[in-house]
Amino acid sequence: MATATTDFHFSGLATCLIQEGLISEKDAKMHVQEAQKNKVSLISYLVSHKLVDSRTIAIKASTEFGMPFLDLDAIDPRSLPITVISEKLIRKYNTLPLMKRGKTLFVGISDPTNPQGLDDIKFQSMLSVETVLVEESKLHRMIESALEAVDTTMSDLIDADLDNLNVHAGDEDTTKSDVNADIDDAPIVRFVNKILLDAIKKGASDIHLEPYEKNFRIRYRSDGILHQIASPPANIANRIISRIKVMSKMDIAERRVPQDGRIKMLLSKTRAIDFRVNTCPTLFGEKVVLRILDPTSAQIGIERLGFEPEQERLYLEAINKPYGLVLVTGPTGSGKTVSLYTGLNILNKMECNISTAEDPVEITVEGINQVNVNVKSGLTFANALRAFLRQDPDIIMVGEIRDLETAEIAVKAAQTGHLVLSTLHTNDAPQTLNRLMQMGIEPFNIVSAVNLIMAQRLARRLCENCKKQAALPDKALIDLGFKEDELKTLKIYGPVGCESCTNGYKGRVGIYQVMTLSEKMRGMILEGANAMQLAAQALAEGINDLRQSGLNKVRMGITSIEEIERVTKE
């Protein structure tokens, strides 16, 4: 058996082939030099010149480098996650994405001696990378088949398209161009475009870019929870942030004060996504947060919000009344805007004049007159409401009742033949009534104006593919709020985690407390009842509070006890 000499440096693979007697030492030296001359790997050279069988090399390399071996004949090219990395990287490093499991990407390679390629793939995909050895000849064919099978619709854009992605400032005329848009180099432009596009494809609601002293963190908020998706080198943080500021028409030279901007991304002729952009100076640079504003989020249909049948009936009855006040309450990010716009879409008909005042407008809808509140210029919620009342309105939506002036105008409009929808920040529906009284609204005006109050939260849905039944002691279930007589048939599910979800959850569902004012409750308001008394009366009338509504979702297998504890715990 031949052995390698010391006068010429052979790679581990070449040495292995020599030791196995597949090529001679003399031929190996010539083949290595020819491969270098032709700028191809040794494996590619040997296989293309039919000097060594492709399968034999793959099996020997698998043994030498301790990597698993896979026969690509068992793979359907249409099932491969080909869009995870760009075509350019696939061809440059002769590698193929095989499977994505959680945050790990498995890639097929024929040459295990090129670690730089794996680093580039890891950076671009933002995933950890595991390698699988495959045959060189089959790898070439599979790459071509997989790339041909890629769906070229906008929802499956790959990095090869990122250079020409149609992105511009949201408040600018799309026919204008800006020479400053090219101040950043191509890799930064492509990376930022990929961050925006991936966030849309993953259903994120926000993107956070956070510079620190020694690192730079990028996180997406998905289903209400922040997840880190990338950590680019800290020395390129300013270039990435400057690129985003250019796209949103901000002053890139100003880094000492917060700035606001907007980006519009055209995904197709009929679909565009807006990003609301805000910068804030921090100790080690500017933090940037982008809120993703997708108009389709308000067109999901009332049946998908998560209402129980009786709650849906009460909400539809309230918004279909010709006048009155409908209030939605809950913390920031609880889905209040989507609930209101779902109702507005139902009401958005030719015969209705609908106007909204918001700060800012997050969802644009054809057929609805939408106004951005601008306090600096004097356009407050109250001033916008006054203007609406002089424009023959049928339905008015106020983004938020923040002060007595806005509350008084909204109540008066609801009493004089207009349907008014708005939001407040309180914990539940009974507290909303007390909040109005604390603002200074007289109790008799509240009982005559309010049609319905709806408190809500958003809980993560359990993934249908991987959720599994959980076992809890009976005492713990009773302490959580379940009834003793239902324990024998009660099935509770918990999260697991799989390829198609995030930590066992996928999507969100609303949890609601929908409260109308009964005659008894109206009398209590007139007598000055507090929130606890009103809450007790609501329960006595069979109105589920948020906790009970959440437990119903657990009973139905939609979400977990942990989620209900997280979103309803006071």
Side-chain angles (χ1 to χ4, degrees), residues 68 70 74-76 79-81 84 97-106 125-130 132 198 201-205 219-229 300-301 303-309 311 333-335 456-512 544-570:
L70 175 69
I75 301 295
D76 181 355
S79 68
L80 299 175
V84 173
L98 296 172
M99 180 178 65
K100 181 175 173 288
R101 179 179 293 167
K103 295 184 178 180
T104 302
L105 178 66
F106 293 86
S125 67
M126 298 174 236
L127 299 167
S128 61
V129 177
E130 296 288 341
V132 177
D198 281 354
K201 289 159 70 174
K202 292 178 180 178
S205 61
R219 296 188 289 175
Y220 289 165
R221 186 179 294 279
S222 298
D223 297 333
I225 306 294
L226 281 168
H227 303 277
Q228 181 166 328
I229 54 93
I300 60 176
E303 69 282 349
R304 292 181 56 197
L305 290 179
F307 283 121
E308 294 167 23
Q311 293 174 337
S334 61
Q456 71 176 81
R457 301 289 189 274
L458 285 177
R460 291 180 292 172
R461 288 179 181 268
L462 285 168
C463 174
E464 291 296 329
N465 291 331
C466 67
K467 70 178 182 180
K468 70 174 182 178
Q469 194 167 341
L472 286 176
D474 288 353
K475 185 179 184 305
L477 293 172
I478 292 171
D479 290 342
L480 287 166
F482 294 102
K483 297 175 182 177
E484 188 171 355
D485 58 4
E486 67 176 321
L487 297 183
K488 289 183 179 179
T489 58
L490 183 65
K491 289 185 178 180
I492 293 175
Y493 293 88
V496 178
C498 67
E499 295 178 25
S500 60
C501 68
T502 304
N503 300 326
Y505 296 96
K506 186 174 183 180
R508 289 193 285 180
V509 64
I511 297 171
Y512 301 93
N544 283 342
D545 60 18
L546 288 166
R547 177 75 175 191
Q548 290 172 322
S549 294
L551 292 180
N552 284 341
K553 296 293 189 297
V554 174
R555 291 183 179 99
M556 298 163 65
I558 295 173
T559 190
S560 65
I561 287 176
E562 295 86 349
E563 266 302 281
I564 299 306
E565 285 285 295
R566 183 179 70 85
V567 300
T568 66
K569 196 171 184 178
E570 295 183 3

A.B. asks: Atom CD of residue position E486 - does it have more than 12 heavy atoms of other residues, nucleotides or ligands inside 6.0 Å?
C.D. replies: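 More than 12 heavy atoms, drawn from other residues, nucleotides or ligands, come within 6.0 Å of this atom.
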A.B. asks: Measure the shortest side-chain to side-chain distance between L80 and K100 over non-hydrogen atoms and say whether it is less than 4.5 angstrom.
C.D. replies: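 Counting from C-beta outward, L80 and K100 never come under 4.5 Å.
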A.B. asks: Within the side chain of R461, is there an N or O that forms a donor-acceptor pair under 3.5 Å with the backbone of R508?
C.D. replies: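 Yes: the side chain of R461 pairs with the backbone of R508.
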A.B. asks: Is K553 atom NZ crowded by more than 12 heavy atoms from other residues, nucleotides or ligands, each under 6.0 Å away?
C.D. replies: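 Result for NZ/K553: enclosed.
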A.B. asks: Determine the minimum heavy-atom distance between T104 and S128, stating which atoms define it.
C.D. replies: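 Taking every non-hydrogen atom into account, OG1-OG, 3.1 Å.
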A.B. asks: Does the side chain of E562 come within less than 4.5 Å of E565's, by heavy atoms?
C.D. replies: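 When only atoms from C-beta onward are counted, E562 and E565 do not touch, as no gap falls below 4.5 Å.
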A.B. asks: Report the distance from atom CD1 of I511 to atom CG of L546, rounding to the nearest 0.5 Å.
C.D. replies: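 The CG atom of L546 is 7.5 Å from CD1 of I511, to the nearest 0.5 Å.
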A.B. asks: Does the side chain of V509 come within less than 4.5 Å of L305's, by heavy atoms?
C.D. replies: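 No, side chains not in contact.
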A.B. asks: Any salt bridge linking E130 with R101? Criterion: basic side-chain nitrogen under 4.0 Å from a carboxylate oxygen.
C.D. replies: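 Answer for the salt bridge query: no.
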A.B. asks: In Å and rounded to the nearest 0.5 Å, what is the CZ to CE distance from F106 to M99?
C.D. replies: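 With rounding to 0.5 Å, CZ (F106) is 4.5 Å from CE (M99).
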A.B. asks: When you compare the side chain of L551 with that of N544, does any pair of heavy atoms fall below 4.5 Å?
C.D. replies: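 Result no, sub-4.5 Å side-chain heavy-atom pair not found.
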A.B. asks: Are any of the side-chain heavy atoms of C463 and V496 separated by less than 4.5 Å?
C.D. replies: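 Side chain of C463 against side chain of V496, heavy atoms only: no contact under 4.5 Å found.
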A.B. asks: Main chain of G481, side chain of R547: is a donor-acceptor contact present, judged purely on distance under 3.5 Å?
C.D. replies: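 No, the answer is negative, given that no donor and acceptor are paired below the 3.5 Å cut-off.
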A.B. asks: Testing K506, E563, K467, K468 one by one against L462 for a side chain to side chain contact (heavy atoms under 4.5 Å, CB included), which residue passes?
C.D. replies: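 With L462 as partner, side chain to side chain contact (heavy atoms under 4.5 Å, CB included) holds for just one option, K467.
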A.B. asks: V84 and L127: side chain to side chain contact (heavy atoms under 4.5 Å, CB included), yes or no, with the steps?
C.D. replies: CA-CA 9 Å; V84 173; L127 299 167; 4.0 Å; yes
A.B. asks: Quick one: do R460 and V567 satisfy side chain to side chain contact (heavy atoms under 4.5 Å, CB included)? Show the steps, please.
C.D. replies: CA-CA 10 Å; R460 291 180 292 172; V567 300; over 6 Å; no
A.B. asks: Does any N or O in the side chain of D223 come within less than 3.5 Å of the main-chain N or O of G507, such that one atom is a donor and the other an acceptor?
C.D. replies: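 Yes; judged by distance alone, with no hydrogens or angles, the pair exists.
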A.B. asks: Would T568 and D545 count as a side chain to side chain contact (heavy atoms under 4.5 Å, CB included) if you check the C-alpha gap in whole Å, the side-chain angles of each, and the deciding distance to 0.1 Å?
C.D. replies: CA-CA 10 Å; T568 66; D545 60 18; over 6 Å; no
A.B. asks: Tell me, do R555 and F482 make a side-chain contact under 4.5 Å, heavy atoms counted?
C.D. replies: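 Side-chain contact under 4.5 Å: yes.
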A.B. asks: Answer yes or no: is there a side-chain heavy-atom contact under 4.5 Å between Y505 and S560?
C.D. replies: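 Answer yes - side chains close enough.
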A.B. asks: Report yes or no: do S222 and T502 form a side-chain donor-acceptor pair below 3.5 Å?
C.D. replies: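 No - no donor-acceptor pair under 3.5 Å links their side chains.
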A.B. asks: Let's go through I75 and L70 carefully: what are the C-alpha distance in whole Å and the side-chain angles of both, what is the deciding distance for side chain to side chain contact (heavy atoms under 4.5 Å, CB included) to 0.1 Å, and is it a yes or a no?
C.D. replies: CA-CA 9 Å; I75 301 295; L70 175 69; 4.2 Å; yes
A.B. asks: If you round to the nearest 0.5 Å, how far is CG of L472 from NZ of K475?
C.D. replies: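 The CG atom of L472 is 12.5 Å from NZ of K475, to the nearest 0.5 Å.
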A.B. asks: Between the main-chain N or O of Y512 and the side-chain N or O of S549, is there a donor-acceptor pair closer than 3.5 Å?
C.D. replies: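 Side chain of S549 to backbone of Y512: a pair is present.
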A.B. asks: Any non-hydrogen side-chain atom of E308 less than 4.5 Å from a side-chain atom of N552?
C.D. replies: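 Heavy-atom side-chain distance check passes, below 4.5 Å.
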A.B. asks: What residue among I225, L226, I229 forms side chain to side chain contact (heavy atoms under 4.5 Å, CB included) with R219?
C.D. replies: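 Passing option: L226.
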